[in-house]
Amino acid sequence: MPELPEVETVRQGLNQVTLNQAVMGGEVLLNRTLAYPFSVDEFLQNLTGIAIAQWHRRGKYLLAELVKLDLEKNPGGWLGVHLRMTGQLLWVDQEDPLQKHTRIRLFFAKNRELRFVDQRTFGQMWWVPPDQKISNIITGLNNLGPEPFAAEFSVDYLQDQFKKRQRPIKSALLDQKLVAGVGNIYADEALFLSGISPTTPCTSLTRLQLEALRSHIIQVLEKSIQAGGTTIRNFLNVQGINGNYGGAAWVYNRTGEPCRICETPIERLKLAGRSAHFCPQCQGEGNREWGITNYELRMGNREIR
DNA sequence: CCTGCCACCTGCGGGC
DNA sequence: TGCCCGCAGGTGGCAG
């Protein structure tokens, strides 16, 4: 389900409904969804009597800052969640019928519940003790590059990273160590908007292309956050509502359909084990000189289908 | 070190 | 109708 915009949409929703309410207990229906601690009892005991002070996001990870509900309001550690392919966090009533793929339930005051539903079971949850470094428990956090909206994610940074990388740019964009949060949909979309073929070796990208790519990654992620995430397949926000980006995809999941700019059929090939969707015309070899300015010009001259 | 490949799961849609 | 294949938002481990 989720790339950065979907995770960010879930985070914002969780901050509206789950904060400062007592956790009364919970239920783990699938043990391996719990990544840490290994003991279900230890997990539930440590969450009982705490509240969530704030939800944060790092890449595609959701991190809830916990506070104990004692007089001192001591730190209660962290609750980490990764939705992987099909995870959903839903804010429901405890009486609501269980979804088929319900994995973990956290019971809150007033009969409310934070329910983790995950068809393919890749999703994971961690409880991080207050005295532990978060990345020691959620080790995937050590493999994350800069957030796409951070100043660190600059053209200079990309140029430096790509100096001697021979692999295709599409593979690089899916690597969370290069930039955190970009996944298959937005990688394809950003490459299309930048006029870059997904197979282009990183080393051969021009400065102009890197400028276009950086700004279109940011643009496509921001637009999707504003739309509440993509509609593709089973993405739902905490209220169980679909996002609104998918209908507007330029190339993702559009194999064989006409390019919205030039009407050439969208093609698909396999890269890094994932589908790459692209327009062979707009992202062809002759487009090396395109940058933001040329792209905007091109957009202005064409009727969008 | 860098890169690609595969596994981890469940379900769905298309072809025969 | 049913079986088999390929495919699906991600990532981590392993081999070359």
Side-chain angles (χ1 to χ4, degrees), chain A residues 1-11 29-36 57-62 80-89 99-104 116-126 135 137-145 148 160-190 198-203 217 220-221 224-225 227-237 242-249 251-256 268-277:
Chain A
M1 143 169 109
E3 302 180 34
L4 187 153
E6 291 73 37
V7 176
E8 178 61 19
T9 298
V10 170
R11 186 190 73 83
L29 290 93
L30 182 69
N31 275 12
R32 77 181 121 80
T33 302
L34 191 55
Y36 191 91
R57 180 190 58 73
R58 176 77 175 98
K60 300 169 193 169
Y61 288 83
L62 284 164
V81 184
H82 199 302
L83 304 171
R84 293 288 162 88
M85 298 285 260
T86 54
Q88 301 170 352
L89 279 174
Q99 287 79 357
K100 184 173 179 186
H101 304 294
T102 303
R103 306 306 183 195
I104 291 184
F116 186 56
V117 179
D118 182 24
Q119 182 202 113
R120 289 175 72 184
T121 76
F122 297 158
Q124 293 191 291
M125 264 196 201
W126 299 258
S135 59
I137 303 294
I138 309 176
T139 51
L141 292 172
N142 292 313
N143 301 325
L144 297 182
D160 185 57
Q161 289 290 309
F162 290 166
K163 246 176 216 159
K164 40 187 178 179
R165 298 294 181 93
Q166 268 309 120
R167 64 173 165 172
I169 181 62
K170 173 68 190 288
S171 304
L173 290 180
L174 294 178
D175 184 348
Q176 301 298 294
K177 197 132 198 168
L178 178 77
V179 55
V182 175
N184 210 29
I185 298 176
Y186 300 106
D188 281 358
E189 295 291 288
T199 55
T200 313
C202 293
T203 36
I217 287 170
V220 90
L221 295 175
S224 182
I225 291 170
T230 183
T231 52
I232 301 243
R233 271 172 282 275
N234 49 7
F235 171 68
L236 298 176
N237 66 17
N242 256 273
N244 204 26
Y245 179 83
V251 288
Y252 184 79
N253 210 25
R254 295 193 67 240
T255 311
R268 180 173 73 87
L269 54 82
K270 231 171 193 184
L271 274 179
R274 317 291 300 278
S275 285
H277 311 80

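Lettering follows sequence order; numbering is per chain, from 1.
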Does OP1 or OP2 of B:dC9 have a side-chain N or O of A:H101 closer than 4.0 Å?
no

Could you check whether A:G123 gets within reach of a base, just the sugar-phosphate, or nothing at all, counting any heavy atom under 4.0 Å?
nothing

Please enumerate all residues that pass side chain to side chain contact (heavy atoms under 4.5 Å, CB included) together with A:T121, with sequence neighbours excluded.
A:L30, A:R32, A:R103

Residues which pass side chain to side chain donor-acceptor pair (under 3.5 Å) with A:N143, listed by chain and number, not counting sequence neighbours
none

Rounding to an integer number of angstrom, what distance separates C:dC3 and B:dC9 when you compare their P atoms?
23 Å

In this structure, how many angstroms lie between the C1' atom of C:dA8 and the CG atom of A:L83, rounded?
16 Å

From B:dG11, C:dG10, C:dC7, nucleotide with atom closest to A:S275 side chain
C:dC7

Among C:dG12, B:dG11, C:dG10, the one nearest A:E3 by side-chain distance:
C:dG10

Strictly below 4.0 Å: does A:N143 bring a side-chain N or O up to OP1 or OP2 of C:dT11?
no

Considering only side-chain heavy atoms of A:R268, which listed nucleotide, C:dT11, C:dC7, B:dG11, is closest?
C:dC7

Salt bridge (Lys or Arg N to Asp or Glu O under 4.0 Å) against A:K163, all qualifying residues, sequence neighbours excluded
A:D160

State which residues pass salt bridge (Lys or Arg N to Asp or Glu O under 4.0 Å) with A:K60; sequence neighbours excluded, sorted by chain then number.
none

Given B:dG11, C:dG12, C:dG10, the nucleotide with the shortest approach to the side chain of A:H82
C:dG10

The contact string for nucleotides 1-8 of chain B, one letter per nucleotide 5' to 3', using protein heavy atoms under 4.0 Å with B, S and - for base, sugar-phosphate only and none, comes out as -SSS---B

Could you tell me how far apart A:K177 (NZ) and C:dG10 (P) are, to the nearest whole angstrom?
19 Å

Can any side-chain N or O of A:R57 pair as donor or acceptor with the backbone N or O of A:G59 at less than 3.5 Å?
yes

List for me each residue that meets salt bridge (Lys or Arg N to Asp or Glu O under 4.0 Å) alongside A:D118, sequence neighbours excluded, and say none if there are none.
none

For A:F162, give me all partners under side chain to side chain contact (heavy atoms under 4.5 Å, CB included), at least two apart in sequence or on another chain.
A:L158, A:I169, A:A172, A:L178, A:C202, A:L205, A:L210

In chain order, what residues pass the side chain to side chain donor-acceptor pair (under 3.5 Å) check against A:R120, with sequence neighbours excluded?
none

Between the side chain of A:K170 and the main-chain N/O of A:S275, is any donor-acceptor distance below 3.5 Å?
yes

Distance check needed: C:dC7 P versus A:N253 CG, whole Å only.
13 Å

C:dG10, B:dT10, C:dA8: which one has an atom nearest the side-chain heavy atoms of A:R84?
C:dG10

Between A:Q99 (CD) and B:dT10 (P), how many Å, whole number?
18 Å

Mind checking what makes salt bridge (Lys or Arg N to Asp or Glu O under 4.0 Å) contact with A:R165, not counting sequence neighbours?
none

CG of A:N142 to CD of A:Q176: how many Å apart, nearest 0.5 Å?
14.0 Å

Calculate the interatomic distance between A:Q124 atom CD and C:dT11 atom P; express it in whole Å.
11 Å

Under 3.5 Å between N/O atoms: give me all the protein pairs with nucleotides 12-16 of chain B, atom names plus distance.
none

For DNA chain B, the expected dot-bracket line (Watson-Crick or G-U under 3.5 Å, [ ] crossing, | inter-strand) is .|||||||.|||||||

Specify the separation, in whole Å, of atom CZ of A:R103 and atom P of B:dT10.
7 Å

Can you tell me the distance, in whole Å, between the CG atom of A:L62 and the P atom of C:dG10?
14 Å

Which residues pass the ring pair (Phe, Tyr, Trp, His ring centres under 6.0 Å) test with A:H82, not counting sequence neighbours?
A:Y61

Tell me: CZ of A:R274 to P of C:dA8, nearest whole Å?
8 Å

